[in-house]
2 protein chains.
Amino acid sequence: MLETFRALAEPSRLQIFELLADGPLPVGAVVDRLGMRQPQASKHLRVLSEAGLVEVRPDAQRRIYALRAEPLQELDVWLRRYRRMWEEQFKRLDQVLREEKKRRSR
Amino acid sequence: MLETFRALAEPSRLQIFELLADGPLPVGAVVDRLGMRQPQASKHLRVLSEAGLVEVRPDAQRRIYALRAEPLQELDVWLRRYRRMWEEQFKRLDQVLREEKKRRSR
DNA sequence: TGCAAATATTCCTTGACAGGAATATTCCAT
DNA sequence: ATGGAATATTCCTGTCAAGGAATATTTGCA
């Protein structure tokens with residue numbers, strides 16, 4: 001979890017990650033579309049890769065990077081714990097609205 | 001999103017955040033339970049607060065910190081985009097298992 | 001009013017990390 | 001085998017942020 005947050009807590013890296021959501025891409029494509037320099041792209045992809053957020057498939061002298069689902073699933077599980085929280089807030093809001101209505105109707 | 005990731009990408013801060021999931025706490029309680037020094041706790045809570053992850057309610061010379069749902073809901077929305085991804089993987093896995101079964105049954 | 005508790009802020013030092021530039025590596029095509 | 005893509009790595013430098021220590025601030029209470 002920490003590693004996931006750390007990896008995504010950097011603007012360029014988050015950008016790359018979100019770009020890859022549209023599908024796997026070789027480094028060059030990332031460089032072109034995001035207008036960053038090739039070495040930085042490689043470095044960021046390395047960090048993402050070490051965090052398990054991304055995987056590489058070699059294709060000749062290219063390397064195709066693709067998102068990995070696992071850490072996102074973990075993030076989803078982590079979030080579950082907090083989902084309860086805002087659902088309760090909704091319930092409370094519902095309650096308030098209900099009482100509002102009642103008050104107005106008399 | 002970036003701000004959320006940045007705030008949670010630090011061990012102590014993530015710890016504090018997860019501690020607050022059990023309910024609101026004053027700074028002192030955080031200090032005691034996590035064994036960190038008071039100034040650092042205050043600093044981290046400040047960062048969490050500026051990221052909107054936490055809100056403060058004064059109570060005499062105490063300050064009660066509590067989680068805020070909003071950024072987590074945003075995180076949930078952000079995740080939605082990727083949920084499709086792993087659902088497709090499950091579909092593919094289902095397919096594979098189905099074929100396995102068929103193969104074994106003859 | 002003055003003290004003590006709870007918390008926030010400031011200042012300093014240090015370590016991690018991102019970007020830049022240059023270079024190394026890998027693999028294809030000729 | 002050699003040159004040229006595509007990508008990775010290294011080294012350097014500057015910046016930012018975290019921890020430590022000391023101190024300021026706020027509020028309740030005797």
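Owing to the predicted nature of the structure, the values given are computational and were not obtained by experimental measurement.
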Rounded interatomic separation in angstrom, taking CG from B:Asp59 and P from C:dA6: 12 Å

A:Arg13 versus A:Arg6, closest heavy-atom pair with distance: NH2-O, 3.5 Å

Rounded distance in Å - CG (A:Leu25) to P (D:dT7): 10 Å

Separation of atom CD in B:Gln38 from atom P in D:dA22, rounded to whole Å: 14 Å

Contact summary for A:Ala21 and B:Tyr82, nearest pair of heavy atoms: CB-CE2, 3.4 Å

C:dT9 OP1/OP2 closer than 4.0 Å to side-chain N/O of B:Arg46: yes

Presence of B:Arg63 side-chain N/O under 4.0 Å of C:dA6 phosphate oxygens OP1/OP2: no

Distance test, side-chain N/O of A:Tyr65 to OP1/OP2 of D:dA8, below 4.0 Å: yes

Test side chain to side chain donor-acceptor pair (under 3.5 Å) applied to A:Trp78 and B:Glu18, step by step: CA-CA 10 Å; A:Trp78 183 84; B:Glu18 292 182 332; 2.7 Å; yes

Separation of D:dA18 P from B:Leu14 CG (nearest whole Å): 13 Å

Taking only nitrogen or oxygen atoms into account, show me every contact under 3.5 Å that the protein makes with nucleotides 16-21 of chain C, one pair per line with its distance.
| from | atom 1 | to | atom 2 | distance (Å) |
| --- | --- | --- | --- | --- |
| C:dC17 | OP1 | A:Arg6 | NH2 | 2.4 |
| C:dA18 | OP1 | A:Arg13 | NH1 | 3.3 |
| C:dA18 | OP1 | A:Arg13 | NH2 | 3.1 |
| C:dA18 | OP2 | A:Arg13 | NH1 | 3.4 |
| C:dG19 | OP1 | A:Ser12 | OG | 3.4 |
| C:dG19 | OP2 | A:His44 | NE2 | 2.7 |
| C:dG20 | OP2 | A:Arg37 | NE | 3.4 |
| C:dG20 | N7 | A:Gln40 | NE2 | 3.3 |
| C:dG20 | O6 | A:Lys43 | NZ | 2.7 |

B:Gln61 CD to D:dC29 C1', straight-line distance once rounded to whole Å: 9 Å

Closest heavy-atom pair and its distance - B:Ala7, B:Ala51: CB-CB, 3.8 Å

Spacing between A:Ile16 atom CD1 and D:dT7 atom P, to the nearest angstrom: 12 Å

Closest non-hydrogen atom pair between B:Leu2 and A:Glu10, with its separation: CD2-N, 3.9 Å

Closest non-hydrogen atom pair between B:Met85 and A:Ala69, with its separation: CE-CA, 3.9 Å

Whole angstrom value for the distance that separates P of D:dC29 from CZ of B:Arg62: 11 Å

